[in-house]
Structures are given as C-alpha cells and as structure tokens.
There are 2 protein chains.
Amino acid sequence: MAKFKLDEVDHQILDMLIENTRTPFTDIAKKLLISAGTVHVRVKKMEDAGIIKGSSLTLDYVKLGYSFIAYVGIFLEKTHQTKFVLERLNQIPYITVAHITTGKFNIFCKIRAKDTKHAKEIIFKVDDIDGVSRTETMISLEESINDKRRLMHTIFNDL
Amino acid sequence: MAKFKLDEVDHQILDMLIENTRTPFTDIAKKLLISAGTVHVRVKKMEDAGIIKGSSLTLDYVKLGYSFIAYVGIFLEKTHQTKFVLERLNQIPYITVAHITTGKFNIFCKIRAKDTKHAKEIIFKVDDIDGVSRTETMISLEESINDKRRLMHTIFNDL
DNA sequence: GGTGAAACTTCTAATAA
DNA sequence: TTATTAGAAGTTTCACC
C-alpha cells in the first residue's frame, strides 16, 4: 500500500478534525488562512483516497456501565483453527478488538465488560470455543494512555 | 460512576452518529420521526452529561505508512516504578494505548509503527526505560476484529 | 419534555482566476 | 490548485404546545 502524500495544509485540517469532526470548515479555513471551499475540496480528496475512512463518537463507556477492560491471550490447539475461532469471537460483542499474533499467543483480544462477574462469563465463553486450548487474562487496572493524536502529530512531522 | 439512563431515542441517535458523526440532525430527525430541534437538544444533553466525550476521525494508518501493530507486555523491577515508566512511555508517540494490568505483565501497551525496523527501535526504547526489567512482544499479523458498534448495540439492548 | 418556523451558520458546487 | 460566490442545506433558538 502506497504511502500517501499530504502537505502541511492537509495535516492541519486532519489535526483539527481529529480533535473534533464537527469543526466547521469555515473555522478551519479561518485558522489556516484559506477559503472554506479549499478545505472542502481537500477533505473530499482525502476521503476519496481512503485516508479518511470515517468518523466516530468517543463515548464514555464507564458512564454507560461498562468499566471493565481486559486483554485475553488465546492459545489454540492447532493454528488452522484460527479462522473458525475468530468467527466465534466475532459473535461475542464484548470483544471489541482481536488480532492474530506471533509470539506467546495465537490470538489476542480485548474485552469490555460491566464488571468482574460479567467478564468471567465472557472469558468462559471464549474458553469454551472449540479449538481453544487455554487463555490467559490480563485485567486492566487503569487505562493510562489512549491517544492517537500524538501519533498523528508524529506522522505529520515524519513526512 | 452512575449508570446513565438513555431512552430508545437517545440510543438511535447515538447509533447513527457512531456510524458517522456528520450525519445531519435533519436526517436523524426524519428517520426517527422527531424534529431536528429535538435531536439537537438530546445530543447536547448527552454531551453535557459526558456520555459523548467527543468525536474523532478514523484514518487509514496503513495508507499513511504505518502498517505495523504490536502489543508489548512490560515487566517492571518494582511495582512502585509504574508511574515513572508510564510517564516515559507517554513520551513515545508510537505507543497509542497503555494499561496497568494484573496478571503476567505490569504494564501492557500497544504500538503502531512503520515496519519491523521501526518497531524494533521503539521496543528497544521501552526496554531502556529505568525500571523495566524486560518486555515481551506480540506482533499482530492481522487485525481481525475492531468494532465498537457491536458493543454499542449490545449496551443498548441490555438496558 | 416536544414542535415548527425563523434566523443564523455552514456546506457545496460552479465559475473564475 | 485555490478563491469567490450564491443557492442549498443544516443548526440552533424560541415562542408555544
């Protein structure tokens, strides 16, 4: 996949939209001393190129009653069962992320649950999937860093 | 933290905005058979309550040249060094998420890098932090699940 | 609570530079 | 590529249910 060339203006636009996707284009234009039309054209171009894949809300899951986060490493009996197990994991909505990995585990996933009891149920469900030989759970005591903005700044300055 | 009470209309609004934060309120209103003013008031209420913390763009990091994802488990020499190590990790922008965890590791983080060589540099930097005794890396071969929408649907139906 | 309409702001596409 | 512009579209407020 080719690395995309974005200039400084594109970076600044992305930077403002990452912070708040509803930032009016007129505000962005004012700050960057360009016209709103230009902002519009640039954003459209980045959308067409697939750089901007979409936008999403950041919700407070704790306030919604989901304060439990854990990472679960999965050992499979045989590697060729990966696809099947992933399909099963995909049916558990509390599993928000899953990766096929090298190293210790075959599959590695993140779960978000209401509490310990709820998490236990989810993990048992994972353990029960055919092909899973065992799992190893790491409970998050605190999410200390979660910031893609810093990465974006770095990516921009890299180019 | 109290669980917040949202009704069916709030859920539907969130559901549409999670999919695309720029969905016009007029569209939402039309679909839900309410007025755009009501959508506006409801969204504002959820923002004020902190349920909606913000909005962000979903970018294609692969197209931006960052196709490497790994999870790194960190073993500390002493637990009381946690805060110090996290501060250091926070200075490495390629570390996008970090959790203090129970279980095998003391700290667990996610890195996003350009390639293997770049990842090596980052991991070496982590290894070099005072208080880190050793690390264990799991390289993502494939991000198979990444979907908070499913979780939201479930949360809604839970209530 | 919600509505509907007015006033205001923003978007978007066409044209021109 | 960018700017300007003007009509379309969206947001926000408010008097009134």
Side-chain angles (χ1 to χ4, degrees), chain A residues 1-60 63-65 149 152 155-159, chain B residues 1-60 63-65 149 152 155-159:
Chain A
M1 198 73 66
K3 198 160 157 180
F4 220 83
K5 49 166 183 29
L6 301 175
D7 68 13
E8 189 54 28
V9 174
D10 293 322
H11 297 169
Q12 302 268 12
I13 292 172
L14 282 183
D15 205 37
M16 292 185 77
L17 289 177
I18 280 176
E19 199 111 355
N20 173 11
T21 57
R22 284 200 180 247
T23 309
F25 289 2
T26 46
D27 284 10
I28 297 174
K30 213 175 296 166
K31 186 156 180 190
L32 303 185
L33 305 174
I34 55 179
S35 75
T38 302
V39 175
H40 174 243
V41 169
R42 296 232 183 194
V43 169
K44 188 143 185 19
K45 210 170 280 178
M46 289 190 280
E47 281 170 353
D48 291 345
I51 297 280
I52 297 175
K53 289 200 285 189
S55 60
S56 190
L57 289 185
T58 309
L59 300 180
D60 189 324
K63 286 198 175 133
L64 288 168
R149 245 167 273 152
M152 280 311 298
I155 289 178
F156 293 167
N157 296 326
D158 261 11
L159 300 174
Chain B
M1 198 74 63
K3 198 160 156 180
F4 221 81
K5 48 166 183 30
L6 302 175
D7 68 13
E8 189 53 29
V9 175
D10 293 323
H11 296 170
Q12 301 269 14
I13 293 172
L14 281 183
D15 204 37
M16 293 185 76
L17 288 177
I18 280 175
E19 198 112 355
N20 172 12
T21 57
R22 285 200 178 243
T23 309
F25 289 1
T26 46
D27 283 10
I28 297 174
K30 214 174 297 169
K31 186 158 180 185
L32 303 185
L33 305 175
I34 54 180
S35 74
T38 302
V39 176
H40 176 243
V41 169
R42 296 248 187 174
V43 169
K44 189 147 184 16
K45 210 170 277 177
M46 289 189 279
E47 281 171 353
D48 291 346
I51 297 279
I52 296 175
K53 289 200 286 188
S55 61
S56 190
L57 289 185
T58 310
L59 300 180
D60 189 325
K63 285 200 176 133
L64 289 167
R149 247 166 271 153
M152 280 313 296
I155 290 179
F156 293 168
N157 295 326
D158 262 9
L159 299 175

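Naming convention: chains lettered A, B, ... in sequence-line order (proteins, then strands); numbering from 1 in each chain. Atoms considered below: every heavy atom in the structure, side chains included; atoms not considered: hydrogens, waters and symmetry mates.
For DNA chain C, the neighbouring residues in residues 12-26 of chain A, judged by any heavy atom under 4.0 Å, are A:Pro24, A:Phe25, A:Thr26. Listed by residue number, B:Ile34, B:Ser35, B:Thr38, B:Arg42 are the residues of residues 32-43 of chain B with a heavy-atom contact under 4.0 Å to DNA chain C.
Using a 4.5 Å heavy-atom cutoff, the side chains of A:Leu17 and A:Ile28 are in contact. Taking 4.5 Å as the limit, some side-chain heavy atom of A:Val9 sits within range of a side-chain heavy atom of A:Arg42. Proximity of B:Met16 to B:Gln12: side-chain heavy atoms (C-beta onward) are nowhere separated by under 4.5 Å. The shortest side-chain heavy-atom distance between A:Leu14 and A:Val43 does not fall under the 4.5 Å cut-off. Side-chain contact between A:Leu6 and B:Leu64 is present, with heavy atoms from C-beta onward closer than 4.5 Å.
Checking side-chain atoms of B:Ser56 against main-chain N and O of A:Ile18 turns up a donor-acceptor pair under 3.5 Å.
Of the N and O atoms on the side chains of B:Ser55 and A:Thr21, at least one donor lies less than 3.5 Å from an acceptor on the other residue.
Think of the region where chain B sits on DNA chain D: with heavy atoms and a 4.0 Å cut, that region ends 5' and 3' at D:dG10 to D:dT13. On the nucleic acid side, DNA chain C has its first and last nucleotide under 4.0 Å of a heavy atom of chain A at C:dT10 to C:dA13, going 5' to 3'.
Salt bridge absent: B:Asp27 and B:Arg22 never bring a charged side-chain N and a carboxylate O closer than 4.0 Å. The existence of a salt bridge linking A:Lys31 and A:Asp15 is excluded, since no basic side-chain nitrogen approaches an acidic carboxylate oxygen closer than 4.0 Å.
Legend: residues meeting salt bridge (charged side-chain N to carboxylate O under 4.0 Å, His left out) with A:Arg149, ordered by chain and number and at least two apart, are A:Glu19. Residues passing the salt bridge (charged side-chain N to carboxylate O under 4.0 Å, His left out) test with B:Lys44 are B:Asp48, sequence neighbours excluded.
Ring planes of A:His40 and A:Phe25: tilted class, angle from 30 to 60°.
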